[in-house]
Amino acid sequence: MPIFEYRRAFEIARHIKAFLEVGLTRNGSRDSRKPESRDAGSGGSQRPVAGEELNGLRAGSTPDEDLPLFFLIGRSKSGTSWLMRLFNSHPEILCRGEGKFFGKGKSNALHGALARSKEFNRWLGHNPWTLRDQDPNLEDIVANTINYLMQEKLRKTNKKIVGDKSPFTTPGVVEEISSICPGAKVVHIVRDGRDVAVSSVHHQWNNATDQGGRRKLSREKVEKREAYRKDPETFGASGESIFAGGHVAEIARSWSKSVSTAMEDAALLGDNYCQVRYEDLLAEPVGEVMRLLEFLGADSDEELARRCVEAASFEQLSGGRTQGEEASSSFYRKGIAGDWKNHFTEEDRRVFKEEAGELLIRLGYEDDLDW
């Protein structure tokens with residue numbers, strides 16, 4: 001079963017073993033004894049515990065205390081990439097992605113790769129360092145691996161806060177974060193699900209196999225893509241939907257489930273959770289960025305926030321296009337709010353509101369369930 005393309009499970013385990021030797025866990029339960037001197041009688045200096053140089057963590061302190069860590073979460077096509085680049089432009093914040101740390105059921109995520117690896121679990125079950133009264137929990141290993149990887153990158157910069165862009169891979173991502181990295185902060189960006197749906201269609205089109213991507217599109221989806229790109233105005237005037245089959249209902253259900261679950265699980269994080277709407281970030285970028293920077297513990301000076309906004313503006317990210325100027329094949333397609341009104345048919349509106357109307361109301365995008 002695949003884990004990572006560049007290394008096998010037992011190779012990962014060799015590096016993880018260093019964490020186990022100092023008994024590090026995500027909740028701080030560890031052997032707190034100080035390393036003995038090699039020559040106590042002659043006043044020799046103490047040597048570091050095995051693995052201390054590798055992971056950069058002080059023996060006797062928790063990873064969460066040592067590393068100002070946060071995760072930027074959100075439904076795909078909700079602005080996570082934009083906000084990541086905005087954060088990363090701040091002189092105190094290193095924000096990059098996607099580490100794909102969370103998703104116990106996903107073989108391409110760290111948690112899932114280790115949980116599903118027969119080789120790794122065989123190693124874990126027969127290693128003398130793991131056969132103790134308090135066996136290391138898989139989540140402890142995932143937590144310390146995350147801290148090691150992110151701290152190593154942060155250490156090579158002049159920055160002090162590190163974050164990973166973690167778009168939803170499973171609805172339970174917030175619950176995983178709260179369990180594995182309980183001291184981490186979470187920034188959740190939400191966007192009107194109907195705009196998410198429109199952006200998702202263009203994203204699928206761009207990632208089709210005939211475009212060099214991995215997604216195999218049906219003939220109907222390819223025909224819609226070609227007709228739209230040939231003449232968007234004529235396509236729109238025809239009254240035809242950009243969604244094929246039951247795609248709009250599928251996206252509505254997925255958006256509603258993932259966003260609702262994250263908001264409900266936010267209680268597990270307490271004050272370490274902060275939510276921002278894509279639309280508010282567009283309307284009041286400097287004010288919203290100042291609020292988010294203060295939440296992360298970074299310098300939230302107004303002029304500094306303004307420079308971050310300018311560094312990650314749509315014009316900068318799109319290569320010079322003005323906001324609202326569409327490029328269907330671009331990752332940064334249009335950069336506006338409410339574009340769904342230009343694409344949804346009456347049937348699309350009805351279906352989406354039927355599937356996700358309650359969340360649209362909860363987030364302030366609609367007043368009632370009438371369509």
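Side-chain atoms are counted along with the backbone in the values below, which use heavy atoms only and exclude waters and symmetry mates.
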Please check if the number of heavy atoms outside [X] that lie under 6.0 Å from its [atom1] is greater than 12.
| X | atom1 | result |
| --- | --- | --- |
| E220 | CD | yes |
| E264 | CD | yes |
| R362 | CZ | yes |
| K106 | NZ | no |
| E175 | CD | no |

Student check: side-chain heavy atoms of [X] and [Y] closer than 4.5 Å:
| X | Y | result |
| --- | --- | --- |
| K100 | N108 | yes |
| K153 | V162 | no |
| P91 | D299 | no |
| H247 | Q204 | yes |
| F243 | I251 | yes |
| H90 | C95 | no |
| V286 | E302 | yes |
| K77 | W255 | no |

Would you check if the side chain of [X] reaches a backbone N or O of [Y] as a donor-acceptor pair within less than 3.5 Å?
| X | Y | value |
| --- | --- | --- |
| S199 | V196 | no |
| S256 | A252 | no |
| D195 | G338 | yes |
| N121 | L114 | yes |
| S254 | E250 | no |
| E176 | K104 | yes |
| S260 | K257 | no |
| K221 | V201 | no |
| K353 | L360 | no |
| D265 | V174 | no |

Which heavy atom of [X] sits nearest to which heavy atom of [Y], and what is that distance?
| X | Y | answer |
| --- | --- | --- |
| S89 | A311 | CB-CB, 3.8 Å |
| V276 | E288 | CG2-OE1, 3.3 Å |
| R229 | W205 | NH2-CB, 3.8 Å |
| P182 | N272 | O-ND2, 3.8 Å |
| Q275 | L363 | NE2-CD2, 3.9 Å |
| S107 | R116 | N-NH1, 3.3 Å |

Does this structure show an ion pair linking [X] with [Y], if we count only N-O contacts that are shorter than 4.0 Å?
| X | Y | value |
| --- | --- | --- |
| R122 | E119 | no |
| K224 | E240 | yes |
| E284 | R291 | no |
| R155 | E152 | yes |
| R306 | E310 | no |

> Could you walk me through whether E294 and C274 pass the side-chain contact (heavy atoms from CB on, under 4.5 Å) check?
Replying inline: CA-CA 11 Å; E294 183 176 2; C274 184; over 6 Å; no
Following the transitive rule for hydrophobic clusters with a side-chain heavy-atom cut-off under 4.5 Å over Ile, Leu, Val, Met, Phe, Trp and Tyr, establish whether [X] and [Y] coincide in one cluster.
| X | Y | value |
| --- | --- | --- |
| W340 | V259 | yes |
| M290 | M84 | yes |
| F295 | L268 | no |
| V309 | F87 | yes |

Euclidean distance, [Y] [atom2] relative to [X] [atom1], rounded to 0.5 Å:
| X | Y | atom1 | atom2 | result |
| --- | --- | --- | --- | --- |
| L154 | I161 | CG | CD1 | 9.0 Å |
| F352 | D192 | CZ | CG | 7.0 Å |
| F168 | T80 | CZ | OG1 | 9.5 Å |
| L281 | L292 | CG | CG | 7.0 Å |
| C308 | E303 | SG | CD | 10.0 Å |
| N144 | I180 | CG | CD1 | 11.0 Å |

>> Run F70 and M150 through side-chain contact (heavy atoms from CB on, under 4.5 Å) and show every step you take.
In response: CA-CA 10 Å; F70 74 94; M150 296 181 74; over 6 Å; no
>> V248 and side chain to side chain contact (heavy atoms under 4.5 Å, CB included): which single residue from T345, V351, I242 fits?
In response: V351
> Does D210 have any salt bridge (Lys or Arg N to Asp or Glu O under 4.0 Å) partners at least two apart in sequence or in another chain, and if so, which?
Replying inline: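 Once residues adjacent in sequence are excluded, the partners of D210 under the salt bridge (Lys or Arg N to Asp or Glu O under 4.0 Å) criterion are R225.
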>> Does the plane of the ring in H343 sit parallel, tilted or perpendicular to the ring in H202? Use 30° and 60° as the thresholds.
In response: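 The arrangement is perpendicular - the two ring planes meet at more than 60°.
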>> Suppose the criterion is ring pair (Phe, Tyr, Trp, His ring centres under 6.0 Å): which pairs have a residue in residues 91-111, not counting sequence neighbours?
In response: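 The answer is F71-F102.
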> So L124 and I141, side-chain contact (heavy atoms from CB on, under 4.5 Å) or not? Walk me through it.
Replying inline: CA-CA 11 Å; L124 193 64; I141 296 173; 3.8 Å; yes
> Given the rule in the side-chain contact (heavy atoms from CB on, under 4.5 Å) test, do L282 and W82 qualify, once you have shown the distances and angles that lead to the verdict?
Replying inline: CA-CA 11 Å; L282 279 177; W82 172 34; 3.8 Å; yes
